[in-house]
Chemist: 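If you scroll down you'll find the structure; I have some questions about it.
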Amino acid sequence: MNFGVQRFCLFLSIAIFLSSSVLCLQANSVNFHVNTGKVKNLRKPKKTTCNLYQGMWVYDPVTFPLYDSATCPFIRKEYDCLKYGRPDHFYLHYKWKPTGCDLPRFNGRDFLARFRGKKIMYVGDSVSVNHFESLLCLLHSVVPDLRVTSKSTNTTLTVTFRDYEVSIVMFLTHYLVDIEEEKIGRVLKLDSLKSVDVWKQADVLIFNTWLWWYRGGSKQPWDYVQEGDTIVKDMDRMAAFRKGLTKWAKWVDSDVDTTKTRVLFQGISPSHYKFVPLHNSPLNHYTYALLLGKDWNETGVTNCGKETKPLSGSLYPGGSPLALNVVDDVLSSIKKPIHLLNITTLSQLRKDAHPSSYNGFKAMDCTHWCIAGVPDTWNELLYAALILD
């Protein structure tokens, strides 16, 4: 199955699932709290000088989770941990507490009212799908009876809350830059962005890329890498990541009207595996970063399978992944206003919040995240960025 067909099948399956879902689903035994308060006004909250990305996870079984995942019709089987038998529920009850302030609570009605008639677009890979589906669940939890429609194409899934005409869009792209079929095979083009006209239709853009840059073998969806007129079989993946992201950054500066379109970039979402570094390989920089950045000081543990609680405190023992340095460097070069959803460290602390084997494939997954769970906090931070900036 080629790359384009895979993408089409992914979105078609989500669209079919959405259109056929029954909203009166049986609730599980987890207590949950939904903020259903009416919107009194849309005045801008007072801006805080607090760094919302520095803090710690606090156990809060009274107000978390923010919704019951059993009543959300948008969750893919990869992320629906309770449905697929996860026995522990501790991971659902942690909230992110910034140091010195509180994270504004997500208000779904306020979000829909603020963005009435607008289009919110996530652009990225399956981690962006995680983020996208979390927002759909957060909004659905406060307005479950609203009319909702969905539409899919080869690259996009659009879910529209008709009473507000707010569209939430997922644009699937693994690299942001393009992969094209040519006579020699599939070519990853580090200086080509052919989807930008679709992206510019959105009022809010949330970009993400990294997960696929280190993939090799049968999981690698390209055969060659091209920059300008130079085509090579492979190259240092961190260098390729920097080149591709720089191309995207230059497009933002040259072609995005940030007075009309808000641009955000989601930081590196961590995995929780332990790897042995590869040597003499284009992948070496990434595997070295994994060895340093994903180590949570548990001797003999190789994945997230038995983790039930987050790390305490505010610091991750292994430090930041090297890819985050690239993100920081490239984003700092952009002259136009752009917001980094700096979710890396707070997500690194959540070794307990991956699906592990509690997913529809029964495979060990320490890369994506359970819904409900950590992506809800990402969306709380997104909400805060949109109303406070």
Chemist: Check this for me, if you would: do Lys247 and Asp191 make a salt bridge, where the nitrogen-to-carboxylate-oxygen distance has to be below 4.0 angstrom?
Modeler: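 No.
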Chemist: Examine Arg86 relative to Tyr91 and say whether NZ or CZ is less than 6.0 Å from the centre of the six-membered ring and inside a 45° cone about the ring axis.
Modeler: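 Judged by the rule, Arg86 and Tyr91 form a cation-pi pair.
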Chemist: Relative to Tyr224, does Lys233 satisfy both conditions: NZ or CZ under 6.0 angstrom from the six-membered ring centre, and within 45 degrees of the ring's axis?
Modeler: yes
Chemist: Using a strict threshold of under 4.0 Å (side-chain N to carboxylate O), is an ion pair present between Lys351 and Glu298?
Modeler: yes
Chemist: Using a 6.0 Å distance limit plus a 45 degree cone around the ring axis, check whether Lys95 lies over the aromatic ring of Phe64.
Modeler: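 Negative - Lys95 is either too far from the ring of Phe64 or too far off its axis.
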Chemist: Looking only at heavy atoms, what is the nearest atom pair of Lys189 and Val177, with distance?
Modeler: O-CB, 3.3 Å
Chemist: More than 12 non-hydrogen atoms from neighbouring residues, nucleotides or ligands closer than 6.0 Å to CD1 on Ile231, yes or no?
Modeler: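 It does: Ile231 CD1 has more than 12 such atoms within range.
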Chemist: Testing the basics here: between Asp365 and His354, what is the closest heavy-atom pair and its distance to 0.1 Å?
Modeler: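 Heavy atoms of Asp365 and His354 come nearest at O-CB, 3.4 Å.
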Chemist: With the side chain counted from C-beta on, respond yes when Met56 and Thr99 share a heavy-atom pair under 4.5 Å apart, and no when they do not.
Modeler: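 With C-beta onward as the side chain, the pair stays apart.
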Chemist: How close do Leu346 and Leu381 get, counting heavy atoms only, and between which atoms?
Modeler: CD2-CD1, 3.6 Å
Chemist: Answer yes or no: is there a side-chain heavy-atom contact under 4.5 Å between Asn342 and Leu324?
Modeler: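 A side-chain contact under 4.5 Å exists here.
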Chemist: Indicate, with yes or no, if Leu176 and Val196 share a hydrophobic cluster defined by side-chain heavy-atom contacts under 4.5 Å among Ile, Leu, Val, Met, Phe, Trp and Tyr.
Modeler: yes
Chemist: Do Met364 and Tyr84 belong to the same hydrophobic cluster, where Ile, Leu, Val, Met, Phe, Trp and Tyr are linked whenever their side-chain heavy atoms lie under 4.5 Å apart, directly or via other members?
Modeler: no
Chemist: Which of these, Tyr175, Trp248, Phe265, sits in a ring pair (Phe, Tyr, Trp, His ring centres under 6.0 Å) with Phe207?
Modeler: Trp248
Chemist: Determine, for Trp57 and Arg350, whether the Lys NZ or Arg CZ falls below 6.0 Å from the six-membered ring centre while staying within 45 degrees of the axis.
Modeler: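 Verdict for Trp57: a cation-pi partner in Arg350.
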Chemist: I'd like to know whether the aromatic ring centres of Phe106 and Phe111 sit less than 6.0 Å apart in this structure.
Modeler: yes
Chemist: Decide yes or no for Arg76 and Glu133: does some side-chain heavy atom of the first lie under 4.5 Å from some side-chain heavy atom of the second?
Modeler: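 Yes, close enough: below the 4.5 Å cut-off.
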Chemist: Considering all heavy atoms of both residues, which atom of Pro98 and which atom of Leu103 are nearest to each other, and what is their separation?
Modeler: CD-N, 3.7 Å
Chemist: Given the side-chain rings of His368 and Tyr79, with only the six-membered ring counted for Trp, is the space between their centroids under 6.0 Å?
Modeler: yes
Chemist: With clusters defined by side-chain heavy atoms of hydrophobic residues (ILVMFWY) lying less than 4.5 Å apart, directly or transitively, does Leu388 cluster with Val263?
Modeler: yes
Chemist: Consider only side-chain heavy atoms of I, L, V, M, F, W and Y, link residues closer than 4.5 Å, and tell whether Val58 and Leu349 are in one cluster.
Modeler: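 No, separate clusters.
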Chemist: Would you call Lys260-Asp203 a salt bridge at under 4.0 Å N-O?
Modeler: no
Chemist: Which atoms form the tightest heavy-atom contact between Leu139 and Val143, and what is the distance?
Modeler: O-CG2, 2.9 Å
